[in-house]
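The structure presented is a predicted model; accordingly, all values stated were derived computationally and were not measured.
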Amino acid sequence: MPSRRQILAAAGAAALAPPRPAPAQIRRHDLDPMPLPVKQDDTVARGYRRDLLLRWGDRVAYDAPRWEPNLPRPDAAAGQFGWDARVAAVAVPQRQAADGVPRAVLAVLHPTVDPLMAWPGGVDRPLVAAAMQGASLLNLEKQGSGWVVVDGGYQTRRLHGGTLCRLSGPYAGAGSVQGLLGLRGGCTTPWGTLLLAEGDPAPWVARLGAADGRFANAGGFGWVAELDPFDPGAVPTKRTALGREAHGDVAAALARDGRAVVYMTDGRPGGFLRRFVSNGPATVPGALDSGALSVARLDGGRLEWVPLPPGADATAAGGSPLDTPFGLGLDPNAPRLVLCCHGSPDRPRGYVLEVSVAEGDDAAAAAAVRTLFVAGAPSGGGRYGAGEPGAGLPPGSAWPENPAVAAVDGRGRAWIGTDRAGVVGAQADGLFVCDLDGPGRGVPLPVYGAPRAGGIGGAALTPDGEVLFAAVRHPGAEPGARFERPGTRWPEFAPGVPPRSSLLGFQRAAGGPVGG
């Protein structure tokens with residue numbers, strides 16, 4: 001079997017060859033190439049406005065107490081915005097409200113809790129961590145020309161380690177389990193639900209099992225959960241037919257014949273891209289409880305879906321290992337998928353792939369693959385030139401490194417966020433926008449730079465494209481930092497106040513849609 005380097009070199013060869021546009025052609029979307037310097041504060045591109053909407057510790061549940069970072073308690077954390085943040089999806093109701101006001105529900109995940117940064121003294125508090133991680137479901141409402149997070153909205157709720165969940169499908173076992181652990185990816189579905197993907201359960205089970213025996217059974221975690229985001233009493237159902245793994249992200253589509261299609265990444269070095277296709281129509285209750293799993297095999301510019309029997313090893317089945325596949329973004333107007341590969345020793349800065357499904361059918365047996373762009377600075381530190389990452393951009397311009405999250409807007413542009421897990425390099429982690437078609441295809445331009453050691457946690461757009469939501473995760477959490485001595489105190493810069501992961505809203509400063 002060819003190595004990962006051989007597989008991806010072949011897959012990307014066709015996309016890396018076309019000429020890049022000259023610098024004069026690149027300026028578009030009111031954006032210019034620009035640097036993203038490492039600094040205490042963040043950077044916003046000219047022509048864009050960013051609003052800070054929620055921070056770690058802010059109230060989500062209506063009865064959540066005031067944030068007291070020096071006195072962490074499980075009951076308080078269970079109602080507050082979590083320490084970490086990753087925007088997963090904007091869910092839109094299928095029927096408009098009687099008052100005609102556009103509304104939606106925003107899902108924000110809280111994947112991790114770092115004891116060194118979350119609590120004074122760095123002493124772990126497992127039960128507080130279980131309540132602090134999970135997800136926040138937030139009501140959105142359009143007011144005037146913008147969208148706001150509604151404090152105390154009807155569907156607003158927190159999901160965490162104490163949330164009762166159901167198990168369904170072939171590995172349902174006891175039928176119920178307490179808690180959602182380590183949610184790392186999520187999406188809305190064409191059939192009106194929300195999918196939330198748990199990552200590798202092992203670290204969380206090891207951390208929590210001794211403190212609470214209900215977390216001792218790892219078999220209850222590592223699944224994709226489904227729920228109705230518009231029912232505040234909905235019980236998340238873990239769909240075991242989709243498989244158990246260290247999920248990175250998840251994306252849902254409809255096959256041409258109406259069956260449910262779910263794409264999943266295994267967010268580990270050498271992980272795989274998997275696909276589930278339901279046996280029956282997506283609209284049937286429990287559609288995700290029976291179907292067929294397959295794994296992607298790459299051969300040149302072609303992707304073939306090969307069957308993955310229950311319990312089978314993906315490599316033995318013929319799947320192609322990738323360089324930490326993670327973020328997924330589905331184009332709402334074209335049958336294609338954007339896949340972020342975060343990187344590995346073979347390709348340390350990562351890359352982004354574009355997968356175009358055959359015959360416009362997400363259940364087809366094959367697809368075409370080409371590289372959208374390769375991440376990282378140009379080799380040798382020289383000028384960006386033809387065939388190099390960043391081709392066509394002037395020296396000093398930011399270029400993505402370690403892409404982690406993706407979203408595609410209604411205008412055929414990919415929004416790519418980077419995250420180097422707090423490692424401070426020559427530039428800040430950033431949010432970039434990149435054309436998928438036309439002369440500027442594959443040239444990402446920076447829209448936003450995170451504060452020191454912060455990463456970009458997801459991106460999602462409102463239904464009208466007016467606002468793009470993104471998050472800054474773990475600001476100030478660089479190697480060697482701690483609660484008392486962070487790399488920055490963004491966003492408040494107040495003595496004694498730790499840095500706070502935050503939900504942001506981006507709009508055009510002069511009006512008009514960000515995407516759509």
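Annotation: cation-pi geometry not satisfied between R274 and W305 (NZ/CZ under 6.0 angstrom from ring centroid, within 45° of ring axis). Taking the ring centre of Y351 as origin, the terminal cationic atom of R347 falls inside the region bounded by 6.0 Å and 45° from the ring axis.
For the pair M264 and L293, the minimum side-chain heavy-atom distance is below 4.5 Å. Residues S502 and W56 have side chains not in contact (no heavy-atom distance under 4.5 Å, counting atoms from C-beta outward). In this structure, V261 and L254 have side chains that are not in contact, with every pair of non-hydrogen atoms separated by 4.5 Å or more. Counting heavy atoms from C-beta on, the side chains of L273 and V295 never come closer than 4.5 Å. Taking the side chain as every heavy atom from C-beta outward, V105 and L138 never approach each other to under 4.5 Å. You'll find the side chain of L504 reaches within 4.5 Å of the side chain of V472, heavy atoms only. Side-chain contact between E245 and F272 is absent, with no heavy-atom pair separated by less than 4.5 Å. Side-chain contact between F81 and V108 is present, with at least one heavy-atom pair separated by less than 4.5 Å.
Taking each heavy atom of A375 and R349 in turn, the nearest pair found is CB-O, 3.0 Å. Taking every heavy atom of both residues into account, L180 and A225 meet most closely at CD2-CB, 3.9 Å. Of all heavy-atom pairs between A450 and I456, the closest is CB-CD1, 4.2 Å. Here the shortest heavy-atom pairing between A97 and R103 reads CB-NH1, 3.3 Å. Of all heavy-atom pairs between L109 and A135, the closest is CD2-CB, 3.9 Å. The two atoms that bring L339 and F326 nearest to each other are CD1-N, 4.2 Å, heavy atoms only.
Salt-bridge check for D200 with R268: failed, with every basic side-chain N at 4.0 Å or more from each acidic carboxylate O. In this structure, R50 pairs ionically with D42, as a charged nitrogen and a carboxylate oxygen lie closer than 4.0 Å. For D331 and R336, the salt-bridge test passes: some basic side-chain N is under 4.0 Å from an acidic carboxylate O. Using a cutoff of 4.0 Å between basic side-chain nitrogens and carboxylate oxygens, D58 and R55 are scored as salt-bridged. Checked for salt-bridge contact, D212 and R214 meet the test: a charged N lies under 4.0 Å from a carboxylate O. Using a cutoff of 4.0 Å between basic side-chain nitrogens and carboxylate oxygens, R420 and E401 are scored as salt-bridged.
The ring of Y48 has its center no closer than 6.0 angstrom to the ring center of Y448.
Here the side chain of E198 pairs a donor or acceptor atom with the backbone of W223 at under 3.5 angstrom. The backbone N or O of L195 lies less than 3.5 Å from no partner atom in the side chain of R239, so there is not a single donor-acceptor pair. Between the side chain of T315 and the backbone N or O of D313, no donor-acceptor pair lies under 3.5 Å.
Rounded to the nearest 0.5 angstrom, D84 CG and R86 CZ are separated by 10.5 Å. Interatomic distance, CG of L242 versus CZ of R275, reported as 12.5 Å (0.5 Å rounding). Of the inter-residue distances, the one linking C165 atom SG with Q178 atom CD reads 9.0 Å to the nearest 0.5 angstrom. Atoms CG and CG, from L353 and L298 in turn, are 7.0 Å apart once rounded to the nearest 0.5 Å.
Between the side chains of R244 and Y171, no donor-acceptor pair is found at a separation under 3.5 Å. Of the N and O atoms on the side chains of D249 and T265, not one donor lies less than 3.5 Å from an acceptor on the other residue. Side-chain atoms of D409 and W415 include a donor-acceptor pair closer than 3.5 Å. Under 3.5 Å, the side chains of T418 and N402 contain no donor-acceptor pair of N or O atoms. A side-chain N or O of T193 and one of E226 form a donor-acceptor pair less than 3.5 Å apart. For the residue pair D419/H474, the side-chain donor-acceptor check at 3.5 Å is satisfied. Counting only N and O atoms by type, the side chains of D362 and Y263 include a donor and acceptor under 3.5 Å apart.
Remark: W147 engages D464 in a side-chain hydrogen bond (donor to acceptor under 3.5 Å, both in side chains) (not counting sequence neighbours).
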